[in-house]
Amino acid sequence: MFADGAARYLTASSALRSAETCAFHVRILLPYIGTLPLEKIHDGTLEMFVEDRLSEGVSPTTVNRSLEVVRTVLMRCARVWRDDDGRPWLEQQPPLITMLPERRKPPHPLSWEEQDRLMEELPRHLQELVLFAVNSGARDENIVGLRWAWEQQVPEAGRSVFVIPPADYKTGVAHVLILNDAAWSIVQSMRGRHPVYVFSFRGHRMARLHNSAWRKARERAGLRDVRIHDLRHTYASRLRLAGVAQEDRNALMGHKSASIPEHYASADVGRLIELSNRVLNRGGTRTLLRVVGE
């Protein structure tokens with residue numbers, strides 16, 4: 001059955017940085033094809049899964065990530081994994097799983113008015129994460145996976161930073177996550193909630209920001225085309241509009257070209273915090289006070 005191949009795939013992928021993302025795709029696939037024999041999996045048996053995901057407002061790109069997991073499992077069952085008698089798990093050439101055509105959406109940085117509309121529709125726990133995202137530029141996986149163990153005190157700056165290790169960062173290079181006043185206030189409000197993760201929900205680590213609550217809130221706010229990654233674009237856009245130089249934007253955003261550990265070692269964190277605070281320069285910072293200061 002596909003469920004057996006998927007379980008083997010997750011075990012083999014457990015050490016990868018993408019392990020939790022792989023597990024998410026497996027979880028949503030199992031109700032549709034989990035009990036099917038491997039040789040019965042093809043475009044036809046995946047049709048309902050694809051239709052349901054698209055009807056939920058999920059992008060073709062995200063659906064394709066799930067289909068890529070199916071492709072990988074079938075390929076390994078046919079070419080890599082063997083039973084006790086040496087026979088492949090799938091004794092036939094795996095079918096070609098058709099990918100959906102993708103149309104890359106241009107970035108959609110949020111205006112202050114759009115941010116306020118979205119915040120009004122989000123549940124409290126997502127308000128905190130979204131505000132953190134637009135004030136730190138952190139990626140989805142680094143927000144939900146942010147660990148207290150990564151926190152490092154910087155006495156010169158009067159606060160701490162989070163040093164995300166290379167294995168957990170997209171570029172494979174350690175990233176020093178700078179917290180402006182808004183992001184710092186949110187982190188402070190999280191202390192004592194969970195022993196391992198900065199952000200949690202009902203005592204557990206969150207899997208991702210892009211969940212049903214996010215999609216419903218986005219729909220109600222009239223922002224259906226806004227993606228989680230657009231929160232990062234929002235931070236980058238506001239830095240640029242605030243006149244922050246490219247080199248400093250690279251450091252704050254964690255681009256691979258930036259020498260971020262060097263900034264950390266040189267006690268330049270305080271200057272970067274001041275630059276990051278420029279994205280707060282508008283009357284709409286009342287949003288933060290209403291949500292975090294309750």
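Only this structure's heavy atoms are used, side chains among them; waters, hydrogens and symmetry mates stay out. Heads up: numbering here begins at 1 and tracks the sequence. Keep in mind it's a predicted model, so treat the numbers as computed, not measured.
- In this pair, H233 and H229 present their aromatic rings perpendicular. The plane angle is above 60°, beyond the 30 to 60° band.
- The main-chain N or O of R208 is never found under 3.5 Å from a side-chain atom of D140 such that the two would form a donor-acceptor pair.
- Not a single salt bridge (Lys or Arg N to Asp or Glu O under 4.0 Å) links E114 to another residue, sequence neighbours left out.
- In this model, no donor atom of one side chain and acceptor atom of the other lie less than 3.5 Å apart for Q152 and S160.
- Counting heavy atoms of neighbouring residues, nucleotides and ligands inside a 6.0 Å radius, atom CG of D85 exceeds 12 of them.
- The cationic group of R139 lies under 6.0 Å from the six-membered ring centre of Y169 and within 45° of the ring axis, placing it in a cation-pi geometry.
- Taking hydrophobic clusters as Ile, Leu, Val, Met, Phe, Trp and Tyr residues chained together by side-chain heavy-atom distances below 4.5 Å, W81 does not share a cluster with M1.
- Because its NZ or CZ atom is not both nearer than 6.0 Å to the ring centre of W89 and within 45° of the ring axis, R79 does not count as a cation-pi partner of that residue.
- Ring orientation note: the planes of F162 and W148 are tilted relative to one another, at an angle of 30° to 60°.
- For the pair E20/E141, no side-chain contact is recorded, criterion being any heavy-atom separation below 4.5 Å from C-beta on.
- Residues meeting the salt bridge (Lys or Arg N to Asp or Glu O under 4.0 Å) test with R71, sequence neighbours left out: none.
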- Task: In sequence, state the C-alpha distance, the side-chain angles, and the governing distance for S59 and T62, and then conclude on side chain to side chain donor-acceptor pair (under 3.5 Å).
- Result: CA-CA 5 Å; S59 71; T62 301; 3.1 Å; yes

